[in-house]
Trainee: 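Please read through the structure below; I'll follow up with questions.
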Amino acid sequence: MKNEFRELGLSEKMQQVITDLGYKTPTPVQEQSIPLILAGRDVGAAAQTGTGKTAAFTLPIMDKLGHRSKKSKGPLCLIVTPTRELAQQIDRVATTVGKRTNHKVLTVVGGVGYGPQTDALQRGIDILVATPGRLLDLIDRKLLRLSEVEVLVLDEADRMLDMGFWPAVRRITALVTNRKQTLLFSATLSAQVLTTAKPLLRNPEFVEISRAGTTADTVNQVIMPVDHAQKPDLLCEVLKAKGCSRVIVFTRTKSRADSCAKRLNKLGFATQAIHADRSQSQRERALIDFKKGKIDILVATDVLARGIDVSDVSHVFNYDVPTNPEDYIHRIGRTGRAGESGQAITFVGPDELSSLREIEQLLNMVIPTYDLEGFAYRETRIVPSPSRSAKKKQAPVFSGRRRGGGRYGRR
Ligand code: AMP
(Lines give C-alpha, C1' and ligand atoms only; values in the text may rest on other atoms or scores of the structure.)
Protein backbone atom coordinates (compact mmCIF):
# COMPACT_ATOMS: atom_id res chain seq x y z
CA MET A 1 0.00 0.00 0.00
CA LYS A 2 1.42 3.34 -1.04
CA ASN A 3 0.59 5.99 1.54
CA GLU A 4 2.24 8.82 -0.31
CA PHE A 5 1.39 10.55 -3.55
CA ARG A 6 5.16 10.84 -3.92
CA GLU A 7 5.50 7.10 -4.46
CA LEU A 8 3.12 7.10 -7.42
CA GLY A 9 5.55 8.75 -9.85
CA LEU A 10 3.89 12.16 -10.06
CA SER A 11 6.16 15.19 -10.59
CA GLU A 12 7.11 17.80 -7.98
CA LYS A 13 4.70 20.23 -9.62
CA MET A 14 1.87 17.76 -9.06
CA GLN A 15 2.82 17.46 -5.39
CA GLN A 16 2.06 21.17 -5.13
CA VAL A 17 -1.26 20.64 -6.88
CA ILE A 18 -2.10 17.88 -4.41
CA THR A 19 -1.40 20.32 -1.57
CA ASP A 20 -3.65 22.89 -3.35
CA LEU A 21 -6.41 20.28 -3.47
CA GLY A 22 -5.89 19.46 0.21
CA TYR A 23 -5.27 15.72 -0.32
CA LYS A 24 -2.86 13.94 2.01
CA THR A 25 -2.89 10.27 1.04
CA PRO A 26 -4.00 8.68 -2.23
CA THR A 27 -7.29 6.78 -2.30
CA PRO A 28 -7.14 3.15 -3.58
CA VAL A 29 -8.26 4.07 -7.12
CA GLN A 30 -5.60 6.79 -7.23
CA GLU A 31 -2.95 4.46 -5.89
CA GLN A 32 -3.70 1.87 -8.55
CA SER A 33 -4.54 3.99 -11.58
CA ILE A 34 -2.00 6.84 -11.40
CA PRO A 35 1.15 4.75 -12.12
CA LEU A 36 -0.60 2.97 -15.02
CA ILE A 37 -1.82 6.21 -16.57
CA LEU A 38 1.62 7.80 -16.17
CA ALA A 39 3.07 4.76 -17.98
CA GLY A 40 0.77 5.50 -20.92
CA ARG A 41 -1.41 2.41 -20.51
CA ASP A 42 -5.07 2.21 -21.46
CA VAL A 43 -7.00 1.65 -18.24
CA GLY A 44 -10.48 0.37 -17.45
CA ALA A 45 -11.35 1.22 -13.86
CA ALA A 46 -14.35 0.19 -11.79
CA ALA A 47 -14.67 2.91 -9.22
CA GLN A 48 -17.86 4.48 -8.05
CA THR A 49 -18.19 8.17 -7.54
CA GLY A 50 -16.83 9.22 -4.16
CA THR A 51 -13.70 7.09 -4.43
CA GLY A 52 -11.51 9.93 -5.70
CA LYS A 53 -11.69 8.82 -9.33
CA THR A 54 -11.72 12.34 -10.80
CA ALA A 55 -8.25 13.08 -9.43
CA ALA A 56 -7.18 9.52 -10.30
CA PHE A 57 -7.28 10.41 -13.98
CA THR A 58 -6.90 14.19 -13.94
CA LEU A 59 -3.59 14.31 -12.03
CA PRO A 60 -1.55 11.84 -14.15
CA ILE A 61 -3.04 13.01 -17.47
CA MET A 62 -2.22 16.64 -16.79
CA ASP A 63 1.19 15.74 -15.38
CA LYS A 64 2.35 14.29 -18.66
CA LEU A 65 0.18 16.11 -21.21
CA GLY A 66 2.06 18.49 -23.51
CA HIS A 67 0.75 21.91 -24.55
CA ARG A 68 -0.77 22.73 -27.90
CA SER A 69 1.33 24.70 -30.36
CA LYS A 70 0.52 28.37 -31.00
CA LYS A 71 -1.20 27.55 -34.27
CA SER A 72 -3.32 24.74 -32.97
CA LYS A 73 -6.66 25.02 -31.20
CA GLY A 74 -6.63 21.68 -29.38
CA PRO A 75 -7.97 19.96 -27.41
CA LEU A 76 -5.24 17.46 -26.56
CA CYS A 77 -7.32 15.70 -23.95
CA LEU A 78 -11.06 15.04 -24.07
CA ILE A 79 -13.08 13.93 -21.03
CA VAL A 80 -16.62 12.80 -21.80
CA THR A 81 -19.03 12.50 -18.89
CA PRO A 82 -22.82 12.00 -18.77
CA THR A 83 -24.12 14.92 -16.69
CA ARG A 84 -23.52 18.63 -16.31
CA GLU A 85 -22.86 18.23 -12.61
CA LEU A 86 -20.15 15.63 -13.17
CA ALA A 87 -18.63 17.83 -15.89
CA GLN A 88 -18.48 20.72 -13.45
CA GLN A 89 -16.90 18.53 -10.78
CA ILE A 90 -14.17 17.46 -13.22
CA ASP A 91 -13.79 21.06 -14.37
CA ARG A 92 -13.07 22.19 -10.81
CA VAL A 93 -10.27 19.66 -10.33
CA ALA A 94 -8.81 20.19 -13.82
CA THR A 95 -8.88 23.98 -13.49
CA THR A 96 -7.06 23.81 -10.15
CA VAL A 97 -4.42 21.56 -11.71
CA GLY A 98 -4.26 23.72 -14.84
CA LYS A 99 -3.23 26.77 -12.79
CA ARG A 100 0.01 24.96 -11.95
CA THR A 101 0.53 23.11 -15.24
CA ASN A 102 -0.56 25.96 -17.52
CA HIS A 103 -3.21 23.94 -19.28
CA LYS A 104 -6.32 25.67 -20.53
CA VAL A 105 -9.44 23.82 -19.48
CA LEU A 106 -12.89 24.29 -21.01
CA THR A 107 -16.13 22.59 -20.09
CA VAL A 108 -18.98 22.40 -22.58
CA VAL A 109 -22.41 21.27 -21.44
CA GLY A 110 -25.94 21.71 -22.72
CA GLY A 111 -28.45 24.15 -21.29
CA VAL A 112 -26.15 27.18 -21.54
CA GLY A 113 -25.48 29.60 -24.41
CA TYR A 114 -23.03 28.76 -27.21
CA GLY A 115 -21.27 32.14 -27.26
CA PRO A 116 -18.71 31.80 -24.45
CA GLN A 117 -17.98 28.15 -25.35
CA THR A 118 -17.41 29.05 -29.01
CA ASP A 119 -15.15 32.00 -28.12
CA ALA A 120 -13.06 29.84 -25.80
CA LEU A 121 -12.74 27.12 -28.47
CA GLN A 122 -11.57 29.73 -30.97
CA ARG A 123 -8.86 30.89 -28.57
CA GLY A 124 -7.66 27.30 -28.16
CA ILE A 125 -7.80 24.81 -25.28
CA ASP A 126 -5.73 21.93 -23.94
CA ILE A 127 -8.37 20.00 -22.06
CA LEU A 128 -12.03 19.72 -22.94
CA VAL A 129 -14.60 18.33 -20.51
CA ALA A 130 -17.94 17.66 -22.21
CA THR A 131 -21.31 15.99 -22.09
CA PRO A 132 -21.95 13.95 -25.27
CA GLY A 133 -24.88 15.97 -26.68
CA ARG A 134 -23.26 19.41 -26.59
CA LEU A 135 -19.96 17.98 -27.79
CA LEU A 136 -21.55 16.53 -30.94
CA ASP A 137 -23.51 19.74 -31.43
CA LEU A 138 -20.29 21.76 -31.52
CA ILE A 139 -18.69 19.25 -33.88
CA ASP A 140 -21.71 19.32 -36.21
CA ARG A 141 -21.56 23.12 -36.21
CA LYS A 142 -17.91 22.82 -37.24
CA LEU A 143 -16.79 24.72 -34.15
CA LEU A 144 -14.65 21.89 -32.82
CA ARG A 145 -12.42 19.10 -34.13
CA LEU A 146 -11.08 16.15 -32.21
CA SER A 147 -8.16 15.22 -34.44
CA GLU A 148 -5.52 16.50 -31.98
CA VAL A 149 -6.89 14.58 -28.99
CA GLU A 150 -4.19 12.31 -27.55
CA VAL A 151 -5.94 11.20 -24.38
CA LEU A 152 -9.61 10.25 -24.26
CA VAL A 153 -11.43 9.67 -20.97
CA LEU A 154 -14.88 8.09 -20.85
CA ASP A 155 -16.21 8.82 -17.37
CA GLU A 156 -19.18 6.97 -15.80
CA ALA A 157 -19.39 4.64 -18.81
CA ASP A 158 -22.18 2.58 -17.22
CA ARG A 159 -24.28 5.68 -16.72
CA MET A 160 -23.69 6.76 -20.31
CA LEU A 161 -24.94 3.34 -21.40
CA ASP A 162 -28.00 3.61 -19.13
CA MET A 163 -28.80 7.07 -20.41
CA GLY A 164 -28.67 5.98 -24.04
CA PHE A 165 -25.53 8.00 -24.83
CA TRP A 166 -23.57 5.12 -26.29
CA PRO A 167 -24.29 5.83 -29.99
CA ALA A 168 -23.04 9.38 -29.34
CA VAL A 169 -19.97 8.05 -27.52
CA ARG A 170 -19.20 5.73 -30.47
CA ARG A 171 -19.42 8.67 -32.87
CA ILE A 172 -17.14 10.72 -30.65
CA THR A 173 -14.52 7.99 -30.25
CA ALA A 174 -14.49 7.44 -34.03
CA LEU A 175 -13.54 11.10 -34.45
CA VAL A 176 -10.64 10.84 -32.00
CA THR A 177 -8.46 9.31 -34.69
CA ASN A 178 -5.04 10.10 -33.23
CA ARG A 179 -5.55 9.08 -29.65
CA LYS A 180 -2.66 7.46 -27.83
CA GLN A 181 -4.43 6.57 -24.61
CA THR A 182 -8.00 5.75 -23.63
CA LEU A 183 -9.24 5.60 -20.05
CA LEU A 184 -12.59 4.21 -19.08
CA PHE A 185 -14.11 4.84 -15.66
CA SER A 186 -17.32 3.18 -14.60
CA ALA A 187 -19.07 2.54 -11.28
CA THR A 188 -19.00 -1.14 -12.18
CA LEU A 189 -17.29 -3.07 -14.95
CA SER A 190 -20.40 -5.11 -15.67
CA ALA A 191 -20.52 -7.59 -18.54
CA GLN A 192 -22.53 -5.03 -20.51
CA VAL A 193 -19.96 -2.28 -19.98
CA LEU A 194 -17.09 -4.60 -20.86
CA THR A 195 -18.73 -5.93 -24.02
CA THR A 196 -19.58 -2.46 -25.25
CA ALA A 197 -16.55 -0.52 -24.19
CA LYS A 198 -13.65 -2.97 -24.21
CA PRO A 199 -13.15 -2.74 -28.00
CA LEU A 200 -12.27 0.94 -27.47
CA LEU A 201 -9.30 0.05 -25.25
CA ARG A 202 -5.89 -1.14 -26.46
CA ASN A 203 -4.21 -3.81 -24.35
CA PRO A 204 -5.85 -2.38 -21.23
CA GLU A 205 -5.05 -2.85 -17.57
CA PHE A 206 -8.10 -3.22 -15.36
CA VAL A 207 -8.40 -1.73 -11.92
CA GLU A 208 -11.29 -2.82 -9.76
CA ILE A 209 -11.92 -0.78 -6.65
CA SER A 210 -15.54 -1.55 -6.01
CA ARG A 211 -17.35 -4.60 -7.20
CA ALA A 212 -20.97 -4.29 -8.23
CA GLY A 213 -22.97 -3.79 -5.10
CA THR A 214 -20.36 -2.47 -2.71
CA THR A 215 -20.93 0.70 -0.77
CA ALA A 216 -18.44 2.84 1.05
CA ASP A 217 -17.50 1.22 4.38
CA THR A 218 -17.79 4.59 6.01
CA VAL A 219 -21.56 4.81 5.45
CA ASN A 220 -23.76 3.63 8.29
CA GLN A 221 -26.99 2.39 6.68
CA VAL A 222 -30.41 1.91 8.27
CA ILE A 223 -33.97 1.47 7.06
CA MET A 224 -36.98 3.11 8.71
CA PRO A 225 -40.20 1.25 7.89
CA VAL A 226 -43.06 3.75 7.76
CA ASP A 227 -46.44 4.22 6.15
CA HIS A 228 -46.25 6.57 3.15
CA ALA A 229 -48.58 9.12 4.71
CA GLN A 230 -46.21 9.49 7.66
CA LYS A 231 -43.01 10.03 5.66
CA PRO A 232 -43.19 13.86 5.82
CA ASP A 233 -43.67 13.86 9.60
CA LEU A 234 -41.03 11.22 10.17
CA LEU A 235 -38.48 13.15 8.12
CA CYS A 236 -39.06 16.30 10.17
CA GLU A 237 -38.86 14.40 13.44
CA VAL A 238 -35.62 12.62 12.50
CA LEU A 239 -34.10 15.89 11.34
CA LYS A 240 -35.07 17.55 14.62
CA ALA A 241 -33.85 14.63 16.72
CA LYS A 242 -30.50 14.35 14.95
CA GLY A 243 -29.92 18.06 14.45
CA CYS A 244 -28.85 17.34 10.87
CA SER A 245 -27.30 20.23 9.01
CA ARG A 246 -25.68 18.72 5.89
CA VAL A 247 -28.42 16.62 4.45
CA ILE A 248 -29.49 15.37 1.04
CA VAL A 249 -32.97 13.93 0.67
CA PHE A 250 -33.68 11.82 -2.44
CA THR A 251 -37.23 11.50 -3.73
CA ARG A 252 -38.69 9.45 -6.56
CA THR A 253 -40.26 12.30 -8.50
CA LYS A 254 -39.75 16.00 -9.15
CA SER A 255 -43.10 16.92 -7.61
CA ARG A 256 -42.32 14.94 -4.46
CA ALA A 257 -38.98 16.78 -4.26
CA ASP A 258 -40.77 20.13 -4.53
CA SER A 259 -43.45 19.33 -1.96
CA CYS A 260 -40.90 17.87 0.46
CA ALA A 261 -38.68 20.97 0.17
CA LYS A 262 -41.68 23.26 0.64
CA ARG A 263 -42.72 21.50 3.82
CA LEU A 264 -39.20 21.54 5.27
CA ASN A 265 -38.88 25.25 4.56
CA LYS A 266 -42.20 25.87 6.28
CA LEU A 267 -40.87 24.12 9.35
CA GLY A 268 -37.79 26.32 9.37
CA PHE A 269 -35.21 24.06 7.69
CA ALA A 270 -33.25 25.99 5.05
CA THR A 271 -33.95 23.75 2.06
CA GLN A 272 -33.81 23.83 -1.73
CA ALA A 273 -34.94 21.30 -4.32
CA ILE A 274 -32.85 20.37 -7.35
CA HIS A 275 -34.15 18.32 -10.23
CA ALA A 276 -34.32 18.35 -14.01
CA ASP A 277 -37.17 20.90 -14.15
CA ARG A 278 -35.08 23.54 -12.43
CA SER A 279 -32.87 25.69 -14.66
CA GLN A 280 -29.13 25.18 -14.83
CA SER A 281 -28.54 28.40 -12.90
CA GLN A 282 -31.06 27.44 -10.19
CA ARG A 283 -29.34 24.07 -9.80
CA GLU A 284 -25.91 25.64 -9.63
CA ARG A 285 -27.07 28.25 -7.11
CA ALA A 286 -28.61 25.55 -4.89
CA LEU A 287 -25.40 23.52 -4.95
CA ILE A 288 -23.25 26.56 -4.16
CA ASP A 289 -25.59 27.60 -1.31
CA PHE A 290 -25.43 24.07 0.06
CA LYS A 291 -21.64 23.94 -0.17
CA LYS A 292 -21.32 27.30 1.57
CA GLY A 293 -23.74 26.18 4.30
CA LYS A 294 -26.38 28.80 3.39
CA ILE A 295 -28.88 25.98 3.14
CA ASP A 296 -28.84 22.81 5.23
CA ILE A 297 -30.90 20.46 3.12
CA LEU A 298 -30.96 19.61 -0.58
CA VAL A 299 -33.90 17.62 -1.90
CA ALA A 300 -32.99 15.91 -5.17
CA THR A 301 -34.14 13.34 -7.69
CA ASP A 302 -31.90 10.55 -9.01
CA VAL A 303 -30.92 12.54 -12.07
CA LEU A 304 -28.51 14.40 -9.85
CA ALA A 305 -27.38 11.59 -7.58
CA ARG A 306 -24.07 11.11 -9.33
CA GLY A 307 -23.12 14.68 -9.83
CA ILE A 308 -23.38 16.15 -6.38
CA ASP A 309 -19.84 16.58 -5.13
CA VAL A 310 -20.13 17.98 -1.65
CA SER A 311 -17.52 16.60 0.67
CA ASP A 312 -19.09 16.58 4.12
CA VAL A 313 -22.69 15.46 3.74
CA SER A 314 -23.69 14.04 7.13
CA HIS A 315 -26.95 12.30 6.18
CA VAL A 316 -28.53 10.96 3.02
CA PHE A 317 -32.24 10.23 3.27
CA ASN A 318 -33.97 8.02 0.76
CA TYR A 319 -37.44 9.45 1.14
CA ASP A 320 -38.48 6.81 -1.38
CA VAL A 321 -36.69 3.49 -1.97
CA PRO A 322 -35.06 3.67 -5.41
CA THR A 323 -36.51 1.13 -7.82
CA ASN A 324 -33.14 0.67 -9.51
CA PRO A 325 -30.84 -0.87 -6.85
CA GLU A 326 -27.73 0.69 -8.43
CA ASP A 327 -29.28 4.10 -7.77
CA TYR A 328 -29.26 3.28 -4.06
CA ILE A 329 -25.48 2.93 -4.18
CA HIS A 330 -25.13 6.21 -6.05
CA ARG A 331 -27.49 8.01 -3.72
CA ILE A 332 -25.77 6.93 -0.54
CA GLY A 333 -22.38 7.56 -2.18
CA ARG A 334 -23.04 11.26 -1.48
CA THR A 335 -22.12 10.66 2.14
CA GLY A 336 -19.11 8.95 3.68
CA ARG A 337 -16.94 10.27 0.84
CA ALA A 338 -13.18 9.87 0.84
CA GLY A 339 -13.02 8.32 4.29
CA GLU A 340 -15.44 10.55 6.19
CA SER A 341 -18.28 8.82 8.02
CA GLY A 342 -21.90 9.29 6.98
CA GLN A 343 -25.43 8.07 7.62
CA ALA A 344 -27.82 6.71 5.01
CA ILE A 345 -31.43 6.45 6.14
CA THR A 346 -34.02 4.82 3.89
CA PHE A 347 -37.75 5.22 4.48
CA VAL A 348 -39.48 2.03 3.43
CA GLY A 349 -43.20 2.15 2.67
CA PRO A 350 -45.36 -1.03 2.65
CA ASP A 351 -45.19 -1.27 -1.16
CA GLU A 352 -41.42 -0.71 -1.30
CA LEU A 353 -40.31 -3.96 0.29
CA SER A 354 -39.51 -5.67 -3.00
CA SER A 355 -37.26 -2.76 -4.03
CA LEU A 356 -35.55 -2.99 -0.64
CA ARG A 357 -35.05 -6.69 -1.16
CA GLU A 358 -33.36 -6.09 -4.51
CA ILE A 359 -31.02 -3.57 -2.91
CA GLU A 360 -30.16 -5.97 -0.10
CA GLN A 361 -29.45 -8.71 -2.64
CA LEU A 362 -27.16 -6.41 -4.57
CA LEU A 363 -25.32 -5.39 -1.40
CA ASN A 364 -25.48 -8.93 -0.05
CA MET A 365 -26.43 -7.59 3.35
CA VAL A 366 -29.50 -7.01 5.47
CA ILE A 367 -29.82 -3.33 6.29
CA PRO A 368 -30.70 -2.92 9.98
CA THR A 369 -34.00 -1.34 11.02
CA TYR A 370 -34.10 1.83 13.08
CA ASP A 371 -37.24 3.15 14.79
CA LEU A 372 -37.41 6.71 16.05
CA GLU A 373 -38.25 6.60 19.73
CA GLY A 374 -41.47 8.36 20.65
CA PHE A 375 -42.77 8.55 17.06
CA ALA A 376 -46.38 7.33 16.76
CA TYR A 377 -45.98 4.89 13.87
CA ARG A 378 -49.22 3.80 12.19
CA GLU A 379 -50.25 0.17 12.41
CA THR A 380 -50.29 -0.04 8.62
CA ARG A 381 -46.55 0.05 8.21
CA ILE A 382 -44.73 -3.22 7.49
CA VAL A 383 -41.52 -3.95 9.33
CA PRO A 384 -39.20 -6.43 7.58
CA SER A 385 -38.12 -9.30 9.80
CA PRO A 386 -34.55 -8.88 11.08
CA SER A 387 -33.89 -12.54 10.21
CA ARG A 388 -34.69 -12.09 6.51
CA SER A 389 -32.06 -13.21 4.07
CA ALA A 390 -30.23 -11.02 1.57
CA LYS A 391 -29.27 -14.04 -0.53
CA LYS A 392 -30.64 -14.26 -4.03
CA LYS A 393 -31.88 -17.83 -4.26
CA GLN A 394 -34.62 -18.27 -1.73
CA ALA A 395 -38.30 -19.03 -1.63
CA PRO A 396 -40.49 -16.12 -2.71
CA VAL A 397 -40.60 -13.76 0.21
CA PHE A 398 -43.81 -11.88 -0.39
CA SER A 399 -46.11 -14.64 -1.62
CA GLY A 400 -48.96 -14.09 0.77
CA ARG A 401 -46.85 -14.59 3.87
CA ARG A 402 -46.65 -11.03 5.02
CA ARG A 403 -48.72 -11.49 8.14
CA GLY A 404 -47.06 -13.49 10.89
CA GLY A 405 -44.50 -16.19 10.18
CA GLY A 406 -43.26 -14.50 6.98
CA ARG A 407 -39.93 -12.83 6.55
CA TYR A 408 -41.67 -9.50 6.30
CA GLY A 409 -44.62 -9.07 8.66
CA ARG A 410 -46.78 -6.29 9.99
CA ARG A 411 -45.95 -5.04 13.44
P1 AMP B 1 -14.75 11.62 -6.85
O2 AMP B 1 -14.71 10.13 -6.67
O3 AMP B 1 -13.83 12.07 -7.90
O4 AMP B 1 -16.18 12.06 -7.04
O5 AMP B 1 -14.20 12.32 -5.50
C6 AMP B 1 -14.92 12.33 -4.31
C7 AMP B 1 -14.42 13.35 -3.31
O8 AMP B 1 -13.19 12.90 -2.74
C9 AMP B 1 -14.15 14.74 -3.84
O10 AMP B 1 -14.77 15.66 -2.98
C11 AMP B 1 -12.64 14.89 -3.78
O12 AMP B 1 -12.26 16.22 -3.52
C13 AMP B 1 -12.25 13.97 -2.65
N14 AMP B 1 -10.89 13.37 -2.80
C15 AMP B 1 -10.38 12.85 -3.93
N16 AMP B 1 -9.14 12.35 -3.69
C17 AMP B 1 -8.88 12.55 -2.38
C18 AMP B 1 -7.77 12.25 -1.54
N19 AMP B 1 -6.69 11.62 -1.99
N20 AMP B 1 -7.87 12.61 -0.25
C21 AMP B 1 -8.98 13.22 0.22
N22 AMP B 1 -10.05 13.55 -0.51
C23 AMP B 1 -10.02 13.21 -1.81
Side-chain angles (χ1 to χ4, degrees), residues 1-10 14-35 37 43 45-63 79-99 105 107 127 129 153-160 183-189 207-210 214-219 246 248 287-288 290-293 298 300 304-314 316 326 329-342:
M1 167 109 179
K2 294 190 167 75
N3 287 322
E4 295 276 350
F5 275 104
R6 252 167 226 294
E7 295 170 48
L8 302 179
L10 291 164
M14 248 343 122
Q15 307 300 334
Q16 291 169 352
V17 173
I18 289 158
T19 310
D20 295 344
L21 289 166
Y23 304 160
K24 297 211 163 48
T25 46
T27 64
V29 68
Q30 292 163 358
E31 188 191 315
Q32 293 189 39
S33 311
I34 290 174
I37 299 172
V43 174
Q48 64 200 58
T49 194
T51 53
K53 70 181 170 64
T54 311
F57 59 78
T58 312
L59 297 178
I61 290 174
M62 293 180 74
D63 204 9
I79 302 167
V80 186
T81 192
T83 68
R84 292 183 258 205
E85 283 74 18
L86 280 165
Q88 280 152 358
Q89 180 184 337
I90 299 166
D91 183 276
R92 274 194 298 279
V93 179
T95 303
T96 307
V97 182
K99 283 191 185 131
V105 179
T107 293
I127 293 167
V129 184
V153 182
L154 301 174
D155 182 40
E156 302 258 350
D158 54 339
R159 191 62 158 186
M160 291 208 272
L183 310 173
L184 179 108
F185 282 76
S186 186
T188 60
L189 288 177
V207 167
E208 188 135 9
I209 300 304
S210 56
T214 60
T215 46
D217 293 341
T218 48
V219 183
R246 307 280 299 156
I248 301 180
L287 275 176
I288 291 169
F290 186 65
K291 279 186 191 177
K292 286 191 176 160
L298 270 184
L304 299 183
R306 296 201 181 203
I308 302 171
D309 176 37
V310 188
S311 54
D312 53 350
V313 172
S314 63
V316 165
E326 291 279 342
I329 294 171
H330 291 292
R331 285 183 181 189
I332 75 162
R334 306 305 86 210
T335 185
R337 306 196 92 183
E340 297 156 20
S341 68

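Whatever order the structure lists ligands and atoms in, that order sets their numbers, starting from 1.
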Trainee: Is the ring pair Phe185/Phe57 parallel, tilted or perpendicular, if the boundaries are 30 and 60 degrees?
Mentor: tilted
Trainee: Taking the side chain as every heavy atom from C-beta outward, state whether Thr25 and Gln30 have any atom pair closer than 4.5 Å.
Mentor: no
Trainee: Test your reading of the structure: does Tyr23 have an N or O sitting under 3.5 Å from an N or O of ligand 1?
Mentor: yes
Trainee: If you measure from each heavy atom of Thr25 to ligand 1, is any distance below 4.0 Å?
Mentor: yes
Trainee: Select one of side chain, backbone, both or neither to describe which atoms of Phe185 lie under 4.0 Å from any atom of ligand 1, heavy atoms only.
Mentor: neither
Trainee: From atom 16 (N) of ligand 1, work out which of Lys24, Glu156, Gln30 has a heavy atom at the shortest distance.
Mentor: Gln30
Trainee: Based purely on interatomic distance, does Gly52 place a nitrogen or oxygen under 3.5 Å from a nitrogen or oxygen of ligand 1?
Mentor: yes
Trainee: Can you tell me how far apart CG (Asp91) and OG1 (Thr58) are? Round to the nearest 0.5 Å.
Mentor: 10.0 Å
Trainee: Can you name the atoms of ligand 1, numbered from 1 with element, that are less than 4.0 Å from a heavy atom of Thr51?
Mentor: 2 (O)
Trainee: Judged by atom type as modelled, is there a donor-acceptor pair below 3.5 Å linking the side chain of Thr83 to the main-chain atoms of Leu86?
Mentor: yes
Trainee: Which atoms of ligand 1 sit under 4.0 Å from any heavy atom of Gln89?
Mentor: 1 (P), 3 (O), 4 (O)
Trainee: For Ile18 and Leu59, work out which heavy atoms get closest and say how close.
Mentor: CG1-CD1, 4.0 Å
Trainee: Looking at Thr81 and Ala87, would you say the former's side chain and the latter's main chain have a donor-acceptor pair under 3.5 Å?
Mentor: no
